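One structure is given here, and the rest of the page talks about it.
Model, not experiment: these values are computed from the prediction.
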Amino acid sequence: MKQMIKGLRLLSTLLTPKVNSKERIQTALQGIRDLLPAGGGHCVACLAPDARYGLCNPCRQDLPVNRWHCRCCALPLAFAGNETLCGQCLQAPPPFSRVIAPWRYRFPVDGMIQRYKYNGQRAFARPLINDLADHLIATLDTTPELRPDLLLASPMHPARRRKRGFNQAADIAEQISKRSGIPWTTELVTRNRHTHPQRGLNREQRLANLRGIYDVTGTPPPRIAIVDDVVTTGATARSLAEVLLGAGATDVQIWALARTPG
């Protein structure tokens, strides 16, 4: 019994917190990292143990890349070429200059974004956000004239944010800002009233639903990139770009994870 008590006392000294022991903390954290699987853990799609930011290479290669698209709104096209304008952009040129959206909104990207957006399962968005940041940094390295002065997370009404628990656009903007060094905000534009969800509405209904709901709270910088999760009909992008340009911005881009087929 005495031996057991001595053993417990020895263990208790090891558990005693050490004041100003930064080196001990760093050593312990490194030990924890060494226990984790190499490459970032398991793949969220197939559970393979060699994932990078949540996706293994085979699953990452299976993502539906938005390779051929309208050069303005990034609408997926059925033929090769990224210098073509879609019919909608020819008929009614949008106020924004371009949309950058690396993936098409279809399996498995659609399910990954839905789990993130509606169920708060951030692990499914982690690989998409990281790879979007990689794509944007590479784009800005080759075309630095596209670099915006500010990232604006697509505004969400406070009531909807409370219900969902977070603003996914703010999550994405924050991560891109950390990687790119471009400042971001949620406060330059606010929504002045609660609207019906855009999901399930056609383009005309979406435009009507968004008419007059945005207020610019300050003077915008010349170049802005609006950050969102998905570009569907482009109604939100058009409405936001219009109020920003009306307030003094000179160029508005849209950066998103994915673009729907139409």
Side-chain angles (χ1 to χ4, degrees), residues 66 69-76 86-89 91-106 109-110 113-114 116-118 125 128-129 132 136 148 150-164 166-174 176 184-217 220 223-247 249 251-262:
N66 192 13
H69 55 78
C70 170
R71 66 178 171 85
C72 183
C73 75
L75 179 73
C86 69
Q88 185 62 52
C89 287
Q91 182 179 5
F96 51 81
S97 59
R98 68 192 54 81
V99 172
I100 298 178
W103 297 284
R104 299 184 181 209
Y105 189 69
R106 63 178 180 83
V109 169
D110 53 356
I113 292 176
Q114 287 168 20
Y116 164 57
K117 185 174 180 177
Y118 300 113
L128 299 179
I129 296 173
L132 171 62
L136 291 169
L150 181 70
L151 306 179
L152 172 65
S154 184
M156 178 181 287
H157 192 275
R160 184 161 296 155
R161 189 190 184 285
R162 286 193 296 269
K163 181 178 180 180
R164 186 170 295 170
F166 71 106
N167 179 354
Q168 72 280 353
D171 270 4
I172 300 167
E174 182 179 14
I176 294 173
W184 73 284
T185 185
T186 59
E187 298 177 355
L188 180 61
V189 177
T190 60
R191 295 181 73 132
N192 56 39
R193 70 174 188 272
H194 191 54
T195 60
H196 297 293
Q198 295 282 81
R199 199 177 185 185
L201 301 181
N202 61 32
R203 181 175 177 276
E204 288 72 22
Q205 290 170 330
R206 285 171 178 253
L207 286 169
N209 196 38
L210 296 172
R211 191 168 293 119
I213 72 166
Y214 294 118
D215 291 323
V216 180
T217 61
R223 305 178 65 84
I224 298 174
I226 298 168
V227 179
D228 211 344
D229 56 337
V230 180
V231 176
T232 307
T233 63
T236 299
R238 282 177 177 265
S239 298
L240 281 170
E242 284 173 354
V243 297
L244 288 167
L245 292 172
D251 181 77
V252 178
Q253 304 176 55
I254 314 298
W255 292 357
L257 298 176
R259 181 68 162 93
T260 63

Note: Arg259 and Asn66 closest approach over all heavy atoms is CB-ND2, 3.9 Å
Expected output: side-chain Ser154 to main-chain Val227 donor-acceptor under 3.5 Å: no
Tightest non-hydrogen contact, residues Cys89 and Cys72, listed as SG-CB, 4.0 Å
Side chains of Asp229 and Tyr116, donor plus acceptor under 3.5 Å
no
Contacts of Arg223 meeting salt bridge (Lys or Arg N to Asp or Glu O under 4.0 Å) (sequence neighbours excluded), chain-then-number -> Asp251
- Query: Does any N or O in the side chain of Thr190 come within less than 3.5 Å of the main-chain N or O of Val216, such that one atom is a donor and the other an acceptor?
  - Reply: no
**Message:** Quick one, Ile100 and Gln253 - any side-chain contact, counting heavy atoms below 4.5 Å?
**Reply:** yes
When rounded to the nearest 0.5 Å, the distance separating CG of Leu244 from CD1 of Ile226 is 5.0 Å
Taken to the nearest 0.5 Å, the spacing of Thr185 OG1 from Leu151 CG works out to 10.0 Å
In terms of heavy-atom contacts, Leu132 and Trp103 come closest through N-CH2, 3.8 Å
Item to complete: Indicate yes or no: at least one non-hydrogen side-chain atom of Asp110 is less than 4.5 angstrom from one of Thr260.
Response: no
Heavy-atom closest pair (Ile224 atom, Ala249 atom, distance to 0.1 Å) is CD1-CB, 4.2 Å
**Report entry** Residues Ile129, Leu257; criterion side chain to side chain contact (heavy atoms under 4.5 Å, CB included); working and verdict
**Finding:** CA-CA 7 Å; Ile129 296 173; Leu257 298 176; 4.2 Å; yes
Worksheet item: Is there a side-chain contact between Pro95 and Arg238, using heavy atoms and a 4.5 Å cut-off?
Response: yes
> Is there a side-chain contact between Leu150 and Pro220 (heavy atoms, below 4.5 Å)?
Replying inline: no
Smallest heavy-atom separation, Arg164 atom then Met156 atom, equals NH1-CE, 3.4 Å
Looking at side-chain heavy atoms only, is the closest gap between Pro76 and Tyr105 below 4.5 Å? no
Correct closest heavy-atom pair for Pro261 and Leu75 would be O-CD1, 3.1 Å
Notebook entry, point to check: Do Asp228 and Gln168 come close enough that some side-chain heavy atom pair is under 4.5 Å?
Noted result: yes
task: For side chain to side chain contact (heavy atoms under 4.5 Å, CB included), just list the numbers for Val189 and Asp215, CA-CA rounded to whole Å, side-chain angles, deciding distance to a tenth of an Å, and then say yes or no.
output: CA-CA 6 Å; Val189 177; Asp215 291 323; over 6 Å; no
For this session: For side chain to side chain contact (heavy atoms under 4.5 Å, CB included), just list the numbers for Leu152 and Thr186, CA-CA rounded to whole Å, side-chain angles, deciding distance to a tenth of an Å, and then say yes or no.
Result: CA-CA 6 Å; Leu152 172 65; Thr186 59; 6.0 Å; no
Q. Is the shortest heavy-atom distance from the side chain of Asp171 to the side chain of Phe166 under 4.5 Å?
A. yes
Steps toward side chain to side chain contact (heavy atoms under 4.5 Å, CB included) verdict (Cys73, Val231):
CA-CA 9 Å; Cys73 75; Val231 176; over 6 Å; no
To the nearest 0.5 Å, atom CZ of Arg191 lies from atom OG of Ser239 at 9.0 Å
Residue set satisfying side-chain contact (heavy atoms from CB on, under 4.5 Å) with Glu174, at least two apart, ordered chain then number -> Lys178, Trp184
